[in-house]
Trainee: 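Got a structure for you, written out below as structure tokens; questions coming shortly.
Residue numbers start from 1 in every chain, and the chains themselves are labelled A, B, ... in the order their sequence lines are given, proteins ahead of strands. From a predicted model like this one, the values you see are computed outputs, not experimental measurements. Just the heavy atoms: all of them, side chains too, but no hydrogens, waters or symmetry mates, feed the values below.
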2 protein chains.
Amino acid sequence: MTIPDHKLIYYIQRWVELNEAEESLILDAFEPIAVKKKKDLLVPGDVCRYVYFIASGAVRSYHVDEKGVEHIFQLSLENSWISDLESFFSQKPSNYYIESIEPSTLLRISYERLETLYAEVPKLERYFRILFQRAYLNALQRLNSTMWDTAEERYNDMIKENCSILQRVPQTYIASYLGITPESLSRIRKKK
Amino acid sequence: MTIPDHKLIYYIQRWVELNEAEESLILDAFEPIAVKKKKDLLVPGDVCRYVYFIASGAVRSYHVDEKGVEHIFQLSLENSWISDLESFFSQKPSNYYIESIEPSTLLRISYERLETLYAEVPKLERYFRILFQRAYLNALQRLNSTMWDTAEERYNDMIKENCSILQRVPQTYIASYLGITPESLSRIRKKK
DNA sequence: CCATACCCTTGATGTAGGTTAAGAAATTGG
DNA sequence: CCAATTTCTTAACCTACATCAAGGGTATGG
């Protein structure tokens, strides 16, 4: 068992208990891959075939609008998940890019394999139920603050909660994730 | 079995198959209640004890900020779910109101009862996994359009997707749900 | 190790939507 | 069925953030 494998099991065990048999079923189902910086894991038009667990590194998902502007959806560091779930679960073409922003090690599982894995390890339904529940609440909070807080408040919240990401990715990415322009973020930062 | 009970099972069966035994276990676990218009199901400071399935009627969840302004989170019609999941799952005090906006019939289940029900009917983990997955994707789309579309575009999208709600609740609620003031919504509507 | 691309900053100007205020219209309940 | 309350509209003015533009700094890969 390699280090990234350990981490996946560790993070699943935070929410559901697994016996040894279940652990190996899970590990067998995931395929480890290593990617360099700036590698596309998904491009628009392709079906999103995998859900990725980030064992190390950083990955973003974004979409490019008609004017060519990038809108960042997710900025994910190690020990979290990333995918385009809409495309993944519908198995229809995606509108998004998923791209590594640092050299990263990932564990991926395909749609078909995940369905069979649910049958082999029913507890995983519980794990993903809890995971989506938390992701949903998180998205609602982000929605709430986007609707009702100023850009400055949102940036300050991000500083509080998420220090390391600010050091690791360009400010343009942070601005896009917050829903503002790089210029505005620069002005907000100057105020301090 | 009453009509509202039927509907709950019907909507669960859209995603997972249930046998008769499982159906009755589920129906036994949910408690039907009827509420008038404007009844508070949850107020800030209280722990959210229930998840509600709306068999008929309409319910909203909202929070009131320091200035006394209401921010509507969810506007839910019959055949959908409503709760403050953050409070429900953490069993900590809520910051939200949940209030009926029409006379409604609801099926509710408590936190403890849901946990035992998961043990009795493991398939429900799958159902709620899928439910949260969809809710999460929905929240992300709402986030996306709040960040990048104009208020007018968001209102037009709502007209397309959700005709009936516009007829059934005051415009102030729609405005708040869209993240704008009633005045702005009024101006948008005048344009047509 | 240099050139190119990318990234950050700063300034001038534009605009969607907020705020305040007030009256008209529609609901509601006693 | 009417008074009270809530909802909707309109108008004048304001503000947070966007857009456009241009210059300087700093990675980075050939």
Side-chain angles (χ1 to χ4, degrees), chain A residues 36-40 58 60 62 64-72 75 97 99-103 143-159 165-192, chain B residues 35-40 57-58 60 62 64-72 75 97 99-103 143-159 165-192:
Chain A
K36 292 191 237 175
K37 196 172 175 169
K38 291 234 167 199
K39 160 84 179 171
D40 281 328
R60 65 175 178 149
Y62 63 99
V64 179
D65 70 19
E66 323 78 52
K67 292 172 196 153
V69 182
E70 288 181 3
H71 302 296
I72 296 183
L75 274 179
Y97 289 89
E99 184 201 59
S100 57
I101 47 188
E102 293 177 0
L143 176 66
N144 203 36
S145 78
T146 301
M147 274 190 184
W148 306 112
D149 299 344
T150 64
E152 191 170 352
E153 287 168 326
R154 271 177 283 145
Y155 178 65
N156 288 336
D157 288 348
M158 196 162 177
I159 290 175
I165 208 169
L166 300 172
Q167 264 59 59
R168 286 166 61 179
V169 308
Q171 273 178 45
T172 347
Y173 290 7
I174 304 290
S176 177
Y177 180 81
L178 289 173
I180 59 177
T181 58
E183 293 91 333
S184 291
L185 182 55
S186 179
R187 278 185 272 261
I188 287 167
R189 285 161 49 85
K190 195 171 61 162
K191 281 202 197 170
K192 312 237 156 179
Chain B
V35 293
K36 293 192 234 176
K37 196 171 174 168
K38 292 234 166 201
K39 160 84 178 171
D40 281 328
R60 65 175 177 148
Y62 64 99
V64 178
D65 70 19
E66 323 78 52
K67 293 172 195 151
V69 181
E70 288 180 3
H71 301 296
I72 296 184
L75 274 179
Y97 289 89
E99 184 201 59
S100 57
I101 47 189
E102 294 176 0
L143 175 67
N144 204 34
S145 77
T146 302
M147 274 191 183
W148 306 111
D149 299 344
T150 64
E152 192 171 351
E153 287 168 327
R154 272 177 282 145
Y155 178 65
N156 289 335
D157 288 349
M158 196 160 178
I159 291 175
I165 209 169
L166 300 172
Q167 264 58 60
R168 286 166 62 180
V169 308
Q171 274 179 45
T172 347
Y173 290 7
I174 304 290
S176 177
Y177 180 79
L178 290 173
I180 59 178
T181 58
E183 292 90 336
S184 292
L185 182 55
S186 182
R187 278 187 278 258
I188 287 168
R189 285 161 49 84
K190 194 171 62 160
K191 282 201 197 171
K192 312 237 157 184

Trainee: Which nucleotides of nucleotides 24-30 of chain C have their base under 4.0 Å from a protein heavy atom (B), which only their sugar-phosphate (S), and which neither (-), written as one string 5' to 3'?
Mentor: ----S--
Trainee: Please list, chain by chain and in numerical order, all residues satisfying ring-ring contact (aromatic ring centres under 6.0 Å, His included) with A:Tyr97, sequence neighbours excluded.
Mentor: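 A:Tyr62.
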Trainee: Less than 4.0 angstrom from a charged side-chain N to a carboxylate O is my criterion; do B:Glu70 and B:Arg60 meet it?
Mentor: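 B:Arg60 and B:Glu70: salt-bridged.
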Trainee: Are B:Ile101 and B:Glu99 packed together at the side-chain level, in the sense that at least one heavy-atom pair is separated by less than 4.5 angstrom?
Mentor: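 Result yes, sub-4.5 Å side-chain heavy-atom pair found.
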Trainee: Report yes or no: does B:Ser100 contribute a side-chain atom to a donor-acceptor pair with the main-chain N or O of B:Lys38 at less than 3.5 Å?
Mentor: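 Yes; at least one donor-acceptor contact below 3.5 Å.
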Trainee: Report the residues that fulfil salt bridge (charged side-chain N to carboxylate O under 4.0 Å, His left out) with A:Glu153, sequence neighbours left out, ordered by chain and then residue number.
Mentor: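 None.
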Trainee: Tell me the interatomic distance from A:Ile188, atom CD1, to D:dC17, atom P, rounded to whole angstroms.
Mentor: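 Rounding to the nearest Å, CD1 of A:Ile188 and P of D:dC17 are 6 Å apart.
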Trainee: Which of residues 143-154 of chain A have a heavy atom under 4.0 Å from DNA chain D?
Mentor: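 Within residues 143-154 of chain A, the residues near DNA chain D are A:Thr150, A:Ala151.
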Trainee: Any pair with a residue in residues 167-179 of chain A that passes salt bridge (charged side-chain N to carboxylate O under 4.0 Å, His left out), sequence neighbours left out, goes on the list, sorted by first then second residue, please.
Mentor: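 Listed by first then second residue: A:Glu78-A:Arg168, A:Glu102-A:Arg168.
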Trainee: Enumerate the residue pairs fulfilling salt bridge (charged side-chain N to carboxylate O under 4.0 Å, His left out) with a member in residues 143-152 of chain A, sequence neighbours excluded, ordered by first and then second residue.
Mentor: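 For residues 143-152 of chain A, and leaving out neighbouring residues, the salt bridge (charged side-chain N to carboxylate O under 4.0 Å, His left out) pairs sorted by first residue read A:Glu152-A:Lys191.
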Trainee: Could you pull out the protein-nucleic contacts involving nucleotides 23-26 of chain D (nitrogen or oxygen on both sides, under 3.5 Å)?
Mentor:
none

Trainee: What string of B, S and - do you get for nucleotides 4-14 of chain D, 5' to 3', if B is base contact, S is sugar-phosphate-only contact and - is no contact with any protein heavy atom under 4.0 Å?
Mentor: ---SSBBBB--
Trainee: Starting at CD1 of B:Ile180 and ending at P of C:dA16, how long is that distance when rounded to a whole Å?
Mentor: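 In whole Å, C:dA16 P lies 14 Å from B:Ile180 CD1.
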Trainee: In whole Å, I'd like the distance from the CG atom of A:Leu178 to the P atom of D:dC17.
Mentor: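 In whole Å, D:dC17 P and A:Leu178 CG are 11 Å from each other.
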Trainee: Checking A:Arg187 now: which residues fulfil side chain to side chain donor-acceptor pair (under 3.5 Å) with it, not counting sequence neighbours?
Mentor: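 Applying side chain to side chain donor-acceptor pair (under 3.5 Å) to A:Arg187 gives none.
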Trainee: Please step through side chain to side chain donor-acceptor pair (under 3.5 Å) for the pair B:Asn144 and A:His71, ending with a clear verdict.
Mentor: CA-CA 9 Å; B:Asn144 204 34; A:His71 302 296; over 6 Å; no
Trainee: Are A:Thr172 and A:Ile72 close enough that some pair of their side-chain heavy atoms sits under 4.5 Å apart?
Mentor: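 Answer no - side chains too far apart.
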Trainee: Does some side-chain heavy atom of A:Leu166 sit less than 4.5 Å from a side-chain heavy atom of A:Tyr155?
Mentor: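 They are in side-chain contact.
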Trainee: Taking Watson-Crick (N1-N3 plus N6-O4 or O6-N4) and G-U wobble (N1-O2, O6-N3), each under 3.5 Å, can you produce the dot-bracket string of DNA chain D? Use [ ] for crossing pairs and | for inter-strand ones.
Mentor: ||||||||||||||||||||||..||||||
Trainee: So, is B:Thr181 close to the C:dG18 phosphate, meaning a side-chain N or O under 4.0 Å from OP1 or OP2?
Mentor: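 Indeed, a polar side-chain atom of B:Thr181 lies that close.
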Trainee: Please identify each residue that fulfils side chain to side chain donor-acceptor pair (under 3.5 Å) with B:Ser184, with sequence neighbours left out.
Mentor: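 Here the qualifying residues are B:Thr181.
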Trainee: Check side chain to side chain donor-acceptor pair (under 3.5 Å) between B:Glu183 and all other residues, then give those that pass, not counting sequence neighbours.
Mentor: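 Partners of B:Glu183 under the side chain to side chain donor-acceptor pair (under 3.5 Å) test: none.
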Trainee: Do A:Pro103 and A:Lys36 have side-chain heavy atoms sitting under 4.5 Å apart?
Mentor: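 Heavy-atom side-chain distance check fails, nothing below 4.5 Å.
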Trainee: Using atom OH of A:Tyr155 as one end and atom C1' of D:dC17 as the other, report the distance to the nearest whole Å.
Mentor: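 Spelled out: OH on A:Tyr155 to C1' on D:dC17 is 17 Å.
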Trainee: Closest approach of B:Trp148 and A:Ile180, non-hydrogen atoms and distance?
Mentor: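 Scanning both residues completely, I find the closest heavy atoms to be CH2-N, 4.3 Å.
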